[in-house]
There are 2 protein chains.
Amino acid sequence: MTDPAGPRATPTPPTSAAVARRAGVSRATVSYVLNGQAAGRVGERTQAKVRAAAEELGYVPHAAARSLRAGRGSIVLLAAPADTAPAFGSLFTSFLAGFQTALHGLGYTVVLHGAPAAAPLAAARAWAELRPAAVLTLDAPPPDAAAVALLRRSGTAAVLTHGPPAAPGAHTLLLDQHEAGRAAGAHLLARGRRRIGVIRPAEPGLARFADPRLAGVRSAAAAHPDAVVRPLDLALTEHSAAQLAAAWPDLGLDAVFAYNDEYAMLLMRALQDAGHALGTAPDGIGVVGADDLLLGRLLRPRLTTVRAEIIPPERIAALVDRLIRTPDTAPAAHRLGTFAVVARDSG
Amino acid sequence: MTDPAGPRATPTPPTSAAVARRAGVSRATVSYVLNGQAAGRVGERTQAKVRAAAEELGYVPHAAARSLRAGRGSIVLLAAPADTAPAFGSLFTSFLAGFQTALHGLGYTVVLHGAPAAAPLAAARAWAELRPAAVLTLDAPPPDAAAVALLRRSGTAAVLTHGPPAAPGAHTLLLDQHEAGRAAGAHLLARGRRRIGVIRPAEPGLARFADPRLAGVRSAAAAHPDAVVRPLDLALTEHSAAQLAAAWPDLGLDAVFAYNDEYAMLLMRALQDAGHALGTAPDGIGVVGADDLLLGRLLRPRLTTVRAEIIPPERIAALVDRLIRTPDTAPAAHRLGTFAVVARDSG
DNA sequence: AAACTTCCCTTACACGTGTAACCTCCGGCC
DNA sequence: GGCCGGAGGTTACACGTGTAAGGGAAGTTT
């Protein structure tokens, strides 16, 4: 095939064969040169010719063909269904950005796969098509044993789930929500509060975080025989908050752990509007949030909050990389971080 | 290390050849059956045997091999550098989730590629390796003409950038920030404000949104000869806000467009702490935010805000799909949405 | 009975890449 | 002169898949 004189766009992307033709060498030589394996095999002049030809043609290797040949894929699949991402909130966004960048630095490609929650096995099959080196799922429900087995059999080196260990064969990334509740509860109890409400968000998908937090508050309260812990339902709307505030006097509570700072802010506003005092004021209701958002510092009283000290995304990326390189590592739980109370004025 | 009870990685994942052997047929037959092309070619009994064998082996097709053979890839690459995602905030997260789900429904795979901002051409090369059907970049600076040409030549059917049209050959997704500023400015002017400050966030990456918004306020002010528009620098910290509030009396302003609701809340708190009145109070400073977050409704005075009415992610996904199917569509700008003022009490 | 059709399945090639193994000069050494 | 060895390449195969083309046997038409 001789090309006409005009510099028209090539209909098919340039391949390494095209580069080879143009440089007047074999395709193998092109491969060696462009992958840095040319030392002692290919002369300087030839290398220069190859590089020039590749540059002129705008050659870019074909990742699929490459990883097909190599046998090992280099993609890390992050499975987070559409309704999970908002639940994680801004923490998720910043984590995602850092994690993605770190993995990219290690040579991996991050693929988002927010399938609408399907049967675990069907989801696993869809993931396995990409032959990912690792699958990291923030999904609920987590993949079951059959799903993990399918992934492992199809070559996935590491399967990581989030939350309490679920499927055998899968590693676990653990951010112990129980501890968040325990820390908040202990803090309120230490300040003399004894009748504690715990917000359970109405939003779907948050229950698996909220329930262990509630249990954590209960376990903190176990040390105080006169302590009472009571779950409270709340949706992230003004209406829902107003309802809860209106019912407040009947609840007989003196403090509340508000799940996170946004719910806390919503609730504080509603309680204030209903005429209740907050924080250290006389008869003030104690409020503890979570996540340590900037807005919490702007509220009055300033919001006491439980902050997650998450290990940096680079370290999680390094962990994933390690698990990929040693595929037979026995499954274990890895702590993602710890919780600490940031004491301010609201509780 | 004890051997885990869970399944171990099989040395070689099952291929269609393995299925063929097990079913006692040729590999081609397997392919036809599993891809639904078996009507009239393969007998019912044979089909059943093939499906059973595939099921027993846990066979999953190899996406890379498939798309290599098919020639056309099915991935949509979303290029958003790490420092961009937080700038978009929660809007980005929810958009991302919806967009990803919609594209998945159309048969595409979304790959996140948050490369650290490199030279446009180098970034384009990295993207091209994946042979994406489409590249959608939220990056700054956007890919230049050479980068777009490289992508097109390597088979990318559609390149979409975000912001004002930049590179020839690329389609444009436009959310006219100028209009946001114009809407906010017009609103404040209609309420009698004449000396308007406009927050310019100190956070990197936001300038390309903030600058057109400032220009938009200016263009709204052009209709009022006595109007003054003044840019104000502000970082998202309490300290920065306190500084600005302290300097406020010297600025001689009666209103401020605060870039978004978070900056607005920060600034309102600082101004209140410095003893300034807000909103409709006597000598109250007018404040307009943007994004219409829940928190704005909880502030006192309630925050007036500029809301982006973004078209649903499904429609953007459909657009991308259409552009992929008709690769020679002339580049055009597509509006992502419009802005409207939600008038409350702060301005 | 020969030719044609239909059904069902197989053989053979292509996609783009990496790399082990081989091949060819060419100069040096016994 | 024959053997060795290294520098500088090339040939050949493998990865897993989709599909066009072929092919044989049984039934149907001429």
Side-chain angles (χ1 to χ4, degrees), chain A residues 10-50 53-54 57-74 128-133 153-155, chain B residues 10-51 53-54 57-74 128-132 153-155:
Chain A
T10 312
T12 83
T15 71
S16 73
V19 176
R21 269 195 305 274
R22 185 171 240 265
V25 299
S26 79
R27 211 177 47 68
T29 301
V30 171
S31 179
Y32 284 126
V33 170
L34 264 36
N35 291 315
Q37 313 273 13
R41 320 180 73 141
V42 183
E44 277 300 331
R45 277 185 46 110
T46 310
Q47 290 197 35
K49 270 197 305 185
V50 169
L57 289 175
Y59 169 70
V60 173
H62 191 306
R66 171 178 287 187
S67 77
L68 172 60
R69 160 66 222 214
R72 42 150 214 131
S74 66
E129 287 195 9
L130 297 174
R131 296 291 191 278
R153 210 178 328 144
S154 75
Chain B
T10 310
T12 76
T15 71
S16 73
V19 175
R21 268 195 306 275
R22 185 172 240 266
V25 299
S26 79
R27 211 177 47 68
T29 301
V30 171
S31 178
Y32 284 125
V33 171
L34 264 38
N35 291 314
Q37 314 273 12
R41 321 182 71 144
V42 182
E44 277 300 330
R45 278 186 44 110
T46 310
Q47 290 197 35
K49 270 198 305 186
V50 169
R51 282 188 229 280
L57 289 176
Y59 168 70
V60 174
H62 191 305
R66 170 177 287 188
S67 78
L68 172 59
R69 161 66 222 218
R72 43 150 214 133
S74 67
E129 287 195 9
L130 297 174
R131 297 291 191 275
R153 210 179 328 146
S154 76

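Protein chains get the first letters and strands the later ones, always in sequence-line order, with residue 1 at the start of each. Since this is a predicted model, take the numbers as computed values, not measurements.
Look at B:S31 and you won't find any side-chain N or O under 4.0 angstrom from OP1 or OP2 of D:dT19.
With contacts defined as side-chain heavy-atom distances shorter than 4.5 Å, the pair B:R66/B:N35 qualifies.
Side-chain N/O atoms of B:Y32 and base N/O atoms of D:dA20 include a donor-acceptor pair closer than 3.5 Å.
A:G73 approaches A:S67 most closely through the heavy-atom pair CA-CB, 4.3 Å. Of all the heavy atoms in B:R153 and A:L57, the pair that sits closest is NH1-O, 2.9 Å. Heavy-atom minimum distance, B:V42 versus B:Q47: O-NE2, 3.1 Å.
Within the 4.0 angstrom heavy-atom criterion, only backbone atoms of the sugar-phosphate kind lie near A:G43; the bases stay farther away. Using a 4.0 Å heavy-atom cutoff across all strands shown, B:R66 reaches sugar-phosphate atoms only and no base atom. Note on A:S67: nothing from the nucleic acid sits closer than 4.0 angstrom, heavy atoms only. Within 4.0 Å of A:A28, counting heavy atoms only, lies at least one base atom of the nucleic acid. Within the nucleic acid shown, A:S26 comes within 4.0 Å of at least one base atom, counting heavy atoms only. Within the 4.0 angstrom heavy-atom criterion, only backbone atoms of the sugar-phosphate kind lie near B:T15; the bases stay farther away.
Summarising the geometry, the separation between CG on B:N35 and P on D:dA20 is reported as 13 Å, rounded to the nearest angstrom. Nucleotide D:dA12 holds its P atom 16 Å from the CZ atom of A:R69, rounded to whole Å. When rounded to the nearest whole Å, the span between CZ of A:R21 and P of D:dT10 equals 14 Å. The separation between A:E44 atom CD and D:dA7 atom C1' is 13 Å, rounded to whole Å.
Contact footprint of chain A on DNA chain C: nucleotides with an atom under 4.0 Å from a non-hydrogen protein atom, first to last in 5' to 3' order, C:dG16 to C:dA21.
Checking B:V30, B:T29, B:V25 one by one against B:V19, the side chain to side chain contact (heavy atoms under 4.5 Å, CB included) holds for a single residue, B:V30.
Across the interface with DNA chain C, nearest-nucleotide mapping of B:G24 and B:L68 shows B:G24 to be the residue nearer the 5′ end. Mapped onto DNA chain D by nearest heavy atom, B:Y59 and B:R41 fall at different nucleotides, with B:Y59 at the one closer to the 5' end.
Taking CZ of B:R51 as the start and CG of B:L34 as the end, the distance is 7.0 Å to the nearest 0.5 Å.
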Where do B:R131 and A:V60 land on the side chain to side chain contact (heavy atoms under 4.5 Å, CB included) test, with the steps shown first?
CA-CA 9 Å; B:R131 297 291 191 275; A:V60 173; 4.0 Å; yes
